[in-house]
Amino acid sequence: MASWVSSIHVAWVGAIMLLLLMSAMQTHAQLTPTFYDKSCPAALKTIRKAVRTAIAKERRMAASLIRLHFHDCFVQGCDASVLLDDAPSINSEKNAFQNFRSVRGFEVVDSIKAAVEKVCPGVVSCADILAVASRDASEYVNGPTWTVKLGRRDSTTASKDLAEADLPIAFNDLDAQISSFANQGLSVRDMVALSGAHTIGQAQCATFRGRVYNDTNIDAGFARMRRRGCPVSDGNGNLAPLDLVTPNSFDNNYFKNLIKKKGLLHSDQVLFNGGSTDDIVTSYSKNKAAFYSDFASAMLKMGDIKPLTGSSGQIRKICSIVN
């Protein structure tokens, strides 16, 4: 009797493990570049056209779209939770201090979604739109390109608290930066490569005031220049380019700036400040191809963070609200 019960138990455990393994394999299999080939063959070219139109109107939008994907994936996975507005059951991630009046491009995502809905209603997720748009944005401003894996679905929840806990901040020291990325399964090299997205875009005075007035590892002339547009106690929203040399083109000047102590954010300059990441920064400053390759790999890796697939989540009709 005991032997019979034991055999059933072993078989039951084995069956459960097999189901779990099959489920895991299915999840990974569902993220594939060909996901929409039959269900919406026009999806990628529709997204690409809308992205290029938006960046042609405003060059800064390239950085904004890349940042949106990043801020999405770091909070409960790549599920478009960052796009959800406040609702009775939702405290929007847009209200997190790292995002408030800072993360932008929502209207562009809405226009992309509307264009895609016209050709394939209810098929393409907002999460996948963010992933594809970030790649297309990088490519349009002469940055790296990569083949995006697709098949993510959209969340029905968002978390302001999780956003404030998990998103990096501009005042982080190196250990905090490394830890923030490690919590998402990203390596130190991934972190440095992804930080290189700051080769484009702009930052608000409130995020770099402490750096230009208080940090000592900063070029004196650079600090003086940035103080002119960032008063001690006013102008929080005043903008400055993250890369002072080529602020609208994706390249490796960001890393060259760090070596010259001209990183705009404290969290930028800590990457080259006598620490463990100095060698990676030096390598990228000398070898743009290596940076591009590592950036593309890191973006793919980031895009794999806890996606909703299969029957999980939904395909939102409007990206800012749950169906």
Side-chain angles (χ1 to χ4, degrees), residues 28 31 33 62-63 65-75 77-78 98 130-132 134-139 141-149 165-201 203 211 217 242-243 245-246 249-307:
H28 284 291
L31 281 190
L65 291 172
I66 293 171
R67 189 167 181 240
L68 260 182
H69 182 44
F70 168 62
H71 279 229
D72 179 37
C73 291
F74 264 55
V75 185
C78 306
Q98 296 99 319
L130 288 178
V132 175
S134 66
R135 185 273 311 274
D136 291 346
S138 171
E139 184 181 42
V141 292
N142 303 316
T145 187
W146 56 94
T147 301
V148 180
K149 290 191 283 183
D166 288 352
L167 287 171
I169 59 175
F171 322 111
N172 275 351
D173 287 328
L174 182 59
D175 287 346
Q177 284 289 87
I178 291 172
S179 176
S180 178
F181 282 73
N183 289 340
Q184 304 296 337
L186 297 168
S187 69
V188 172
R189 182 169 287 271
D190 293 331
M191 183 268 290
V192 178
L194 290 171
S195 297
H198 284 179
T199 181
I200 53 174
R211 164 120 175 98
N217 60 339
L242 287 156
D243 173 358
V245 181
T246 51
S249 293
F250 201 113
D251 52 35
N252 64 337
N253 276 326
Y254 167 81
F255 299 104
K256 296 177 183 179
N257 294 336
L258 297 185
I259 291 172
K260 296 173 183 175
K261 299 183 179 180
K262 294 180 180 180
L264 183 63
L265 305 180
H266 180 84
S267 57
D268 288 329
Q269 194 59 56
V270 296
L271 301 182
F272 191 85
N273 193 38
S276 60
T277 54
D278 281 19
D279 288 348
I280 304 174
V281 170
T282 301
S283 169
Y284 289 161
S285 74
K286 296 176 179 177
N287 189 338
K288 186 170 81 168
F291 164 47
Y292 275 30
S293 176
D294 285 356
F295 182 84
S297 296
M299 288 294 285
L300 277 168
K301 197 171 171 182
M302 186 180 77
D304 277 342
I305 297 174
K306 295 180 285 188

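Quick caveat, the model's predicted, so the values are computed rather than measured.
Here the side chain of Gln177 pairs no donor or acceptor atom with the backbone of Asn172 at under 3.5 angstrom. When atom types are taken as modelled, the side chain of Glu139 and the backbone of Thr145 share no donor-acceptor pair closer than 3.5 angstrom. Remark: side-chain polar atoms of Ser283 are not paired, donor with acceptor, to backbone N or O of Asp279 under 3.5 angstrom. Within the 3.5 Å criterion, the main-chain N or O of Asn253 finds no donor-acceptor partner in the side chain of Thr199. Remark: side-chain polar atoms of Asn183 are paired, donor with acceptor, to backbone N or O of Ser179 under 3.5 angstrom.
For the pair Pro307 and Asp304, the tightest heavy-atom approach, listed with the atom from each and the gap, is CD-O, 3.2 Å. Closest approach of Val270 and Thr277 over heavy atoms only: O-OG1, 4.0 Å. Annotation for Leu174 and Ser276: closest pair CD2-OG, 3.9 Å, computed over non-hydrogen atoms. For the residue pair Ala137 and Ala62, the shortest heavy atom distance occurs at CB-O, 3.7 Å. For Gln98 against Arg67, the heavy-atom pair with the smallest separation is O-NH2, 3.3 Å. Across every non-hydrogen atom of Phe295 and Ala197, the tightest pair is CE1-CB, 3.9 Å.
Under the rule for a side-chain contact (heavy atoms from CB on, under 4.5 Å), the partners of Lys288 that lie at least two apart in sequence or sit in another chain are Asp251, Asn252, Tyr292. For Asn287, the side-chain contact (heavy atoms from CB on, under 4.5 Å) partners are Ala289, Ala290, not counting sequence neighbours.
In this structure, the side chains of Cys78 and Leu130 stay at 4.5 Å or more apart for every pair of heavy atoms. Between Thr282 and Phe272, the closest side-chain pair of non-hydrogen atoms falls below 4.5 Å.
Atom CZ of residue Phe70 and atom CD of residue Gln184 lie 8.5 Å apart, to the nearest 0.5 angstrom. We find the OG-CG distance between Ser180 and Asp175 to be 12.5 Å, quoted to the nearest 0.5 Å. How far CG of Asp166 is from SG of Cys73: 12.5 Å, rounded to the nearest 0.5 Å. Rounding to the nearest 0.5 Å places NE2 of His71 at 5.0 Å from CG of Leu167. Between the CG atom in Asn273 and the CG atom in Asp268 there is a gap of 12.0 Å [rounded to 0.5 Å]. The structure places CE of Met302 at 6.0 Å from OG of Ser134, a figure rounded to the nearest 0.5 Å.
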Practice problem: Might you work through the side chain to side chain contact (heavy atoms under 4.5 Å, CB included) test for Leu271 and Tyr284, ending with a clear yes or no? | Solution: CA-CA 12 Å; Leu271 301 182; Tyr284 289 161; over 6 Å; no

Exercise. Apply the test side chain to side chain contact (heavy atoms under 4.5 Å, CB included) to residues Leu265 and Arg211: give CA-CA distance (whole Å), side-chain angles for both, the deciding distance (0.1 Å), then the verdict.
Key: CA-CA 6 Å; Leu265 305 180; Arg211 164 120 175 98; 5.7 Å; no

Practice problem: Start with the C-alpha distance between Val245 and Lys256, add both sets of side-chain angles, then the distance that settles side chain to side chain contact (heavy atoms under 4.5 Å, CB included), and finish with yes or no. | Solution: CA-CA 10 Å; Val245 181; Lys256 296 177 183 179; over 6 Å; no

Practice problem: Give the intermediate values and the outcome of side chain to side chain contact (heavy atoms under 4.5 Å, CB included) for residues Met191 and Leu186. | Solution: CA-CA 7 Å; Met191 183 268 290; Leu186 297 168; 6.0 Å; no

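Within a 6.0 Å sphere centred on NZ of Lys301, heavy atoms belonging to other residues, nucleotides or ligands number more than 12.
A side-chain N or O of Asp190 and one of Ser187 form a donor-acceptor pair less than 3.5 Å apart.
Within the 6.0 Å centre-distance limit, the rings of Phe250 and Phe291 are counted as a close aromatic pair.
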